[in-house]
Structures are given as C-alpha cells and as structure tokens.
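None of these values were measured; they are calculated from a predicted model.
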Amino acid sequence: EKFDDNVKRGIYLHRSIDAFTDSHPVVQQSKSRLREKYRHYAGVIVDVFYDHFLAVHWQKYHKTPLEEYAAKTYGIVTAHHDILPARVQEFFPYMVRGNWLYNYSRVEGIARALTGMSRRTPFESKMDEAPNELIQYYDEFASEFESFFPDLQRSVSNF
C-alpha cells in the first residue's frame, strides 16, 4: 500500500517473471545440472547465469546499448532510494560502483557477483565455485537460455 501504482506494477511484474522462470521446464533442466552440488542455491545461480547470457546478447533484445541502459537504470533506482528495501540500499552502491549490469556480460563479472552472494548467505552455498560450471557447461546453459528467453518475452508481453 505504501507504493504508487507504477511501483506496484513493477513488483507484480517481477513476481510474475520469477514465477514463470521458476516453473519453466528449460530452467528446471539448467537447475538440475547444478542441484547436487548447490542444492537450493541452484536456482539463484541459474538466474545469474541467465543474466550473463542476456548481457552477452543484449543487442538482440534491446536497442539501447547495455552500458547506456545500465547507467539509466542505476539513475532511476537511485532516484527512488528511499523506497528500496534496507538490504538493497546497502548493496546498491556496490552494484553501481562495480557496474554489475554491464559486467555480467563477462564471466569475471559473474564470478564476482556469485562470490559476493556466497559471502552473504547464512549457510555454505559454494556459489563462489559456480563459475566453474558456467565455463564447463557454457554451451549447454547458453542453449537453454536461448530456448527459454523467447518464452519469457511472450509471457511478459501478456502481463
């Protein structure tokens, strides 16, 4: 109730994307490759891997260059700093400083993000080791992302 209609719509869209992603069979296939080692963190890792492939192929999905889009996004989020959850307020400056959205296009950027997440988990997650699986199964994850993402786009277009 504390958010305006546009922010509420964004929250509902994000929840819709999460629900669609979590139940998609291709995403399940990606998670299954990681589940034995990473358990319930497999879904988080796959989300980050898919962020990598979105960043790598950004020009295929959006007309604005990724670096420019990331800077604009950081500006919008900064302008709404007061309504961000406390945890987001804490890590957002690091996200901007490290230009995470742009650097997700590099495996090193993914490694940095997963290492940071690993440090913040209350249990041993081994997420800092996950870039090894990204490298080992790069083509498989890339193919799964390419299969999944058009379905997500169709789902979002109906939102």
Please say yes or no: joined through hydrophobic side-chain contacts below 4.5 Å, possibly via intermediate residues, are Phe123 and Leu34 part of one cluster? yes
Kindly indicate, with the supporting measurements, whether the criterion side chain to side chain contact (heavy atoms under 4.5 Å, CB included) is fulfilled by Met117 and Val48. CA-CA 11 Å; Met117 289 178 177; Val48 174; 3.7 Å; yes
Quick one: list whatever passes side-chain hydrogen bond (donor to acceptor under 3.5 Å, both in side chains) with [X], sequence neighbours left out.
X: Arg154; answer: Asp151
X: Asn103; answer: Arg106
X: Gln29; answer: Glu144

Minimum heavy-atom separation for Lys31 and Gly43, please, with both atom names.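 The answer is CE-CA, 3.7 Å.
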Closest approach of Arg39 to Glu36 (non-hydrogen atoms, all atoms of both residues):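 In terms of heavy atoms, the two residues are closest at CG-O, 4.3 Å.
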Give me each pair satisfying ring pair (Phe, Tyr, Trp, His ring centres under 6.0 Å) with a member in residues 16-48, each pair once, sequence neighbours excluded. Phe20-His24, His24-Phe148
Can I get a per-line list of side-chain donor-acceptor pairs under 3.5 Å for residues 77-88, giving both atom names and the distance, sequence neighbours left out?
{"unit_1": "Thr78", "atom_1": "OG1", "unit_2": "Tyr74", "atom_2": "O", "d": "2.7"}
{"unit_1": "His80", "atom_1": "ND1", "unit_2": "Ile76", "atom_2": "O", "d": "2.8"}

Dump the intermediate steps for side chain to side chain contact (heavy atoms under 4.5 Å, CB included) on Met127 and Val44, then the final yes or no. CA-CA 9 Å; Met127 283 193 283; Val44 174; 4.0 Å; yes
Mind checking side-chain contact (heavy atoms from CB on, under 4.5 Å) for Val156 and listing every partner two or more places apart, or none if nothing turns up?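 side-chain contact (heavy atoms from CB on, under 4.5 Å) list for Val156, sorted by chain: Leu13, Ile17, Leu152.
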With Asp5 via side-chain contact (heavy atoms from CB on, under 4.5 Å) - residues at least two apart: Lys8
OH/Tyr137 to CG/Asn132 distance, rounded to the nearest 0.5 angstrom? 11.0 Å
What is the distance from atom CG of Asn99 to atom OG of Ser105, rounded to the nearest 0.5 Å?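 The OG atom of Ser105 is 9.0 Å from CG of Asn99, to the nearest 0.5 Å.
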Listed partners of Phe49 passing ring pair (Phe, Tyr, Trp, His ring centres under 6.0 Å), at least two apart: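 Phe49 satisfies ring pair (Phe, Tyr, Trp, His ring centres under 6.0 Å) with Phe141 once adjacent residues are dropped.
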Under the rule for ring pair (Phe, Tyr, Trp, His ring centres under 6.0 Å), what residues qualify as partners of Tyr138, not counting sequence neighbours? His52, Phe53
When you compare the side chain of [Y] with that of [X], does any pair of heavy atoms fall below 4.5 Å?
X: Phe91; Y: Trp100; answer: yes
X: Phe159; Y: Arg9; answer: yes
X: Tyr50; Y: Ser30; answer: yes

Kindly write out the residues that satisfy salt bridge (Lys or Arg N to Asp or Glu O under 4.0 Å) with Asp47, not counting sequence neighbours, or none if the list is empty.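 Here no residue qualifies.
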Before giving the answer on side chain to side chain contact (heavy atoms under 4.5 Å, CB included), spell out for Arg33 and Val46 the whole-Å C-alpha distance, their side-chain angles and the decisive distance to 0.1 Å. CA-CA 10 Å; Arg33 190 175 297 113; Val46 168; over 6 Å; no
Has the side chain of Ser143 got a donor or acceptor atom that lies under 3.5 Å from a matching backbone atom of Asp139? no
Side chain of Ser118, backbone of Leu114: donor and acceptor closer than 3.5 Å?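 Side chain of Ser118 to backbone of Leu114: no pair is present.
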For atom OH of Tyr94, is the number of surrounding heavy atoms from other residues, nucleotides or ligands below 6.0 Å larger than 12? no
Sorted by first residue and then second, give each salt bridge (Lys or Arg N to Asp or Glu O under 4.0 Å) pair with at least one member in residues 112-135; sequence neighbours left out.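 As it turns out, the salt bridge (Lys or Arg N to Asp or Glu O under 4.0 Å) pairs with a partner in residues 112-135, which skip direct neighbours, are Lys37-Glu129, Lys37-Glu133.
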Could you give the side-chain donor-acceptor pairs of residues 59-71 under 3.5 Å, partners two or more places apart or in another chain?
{"unit_1": "Lys60", "atom_1": "NZ", "unit_2": "Glu146", "atom_2": "OE1", "d": "2.8"}
{"unit_1": "Tyr61", "atom_1": "OH", "unit_2": "Glu146", "atom_2": "OE1", "d": "3.4"}
{"unit_1": "His62", "atom_1": "ND1", "unit_2": "Thr64", "atom_2": "N", "d": "3.1"}

Start with the C-alpha distance between Tyr12 and Val7, add both sets of side-chain angles, then the distance that settles side chain to side chain contact (heavy atoms under 4.5 Å, CB included), and finish with yes or no. CA-CA 9 Å; Tyr12 291 134; Val7 173; over 6 Å; no
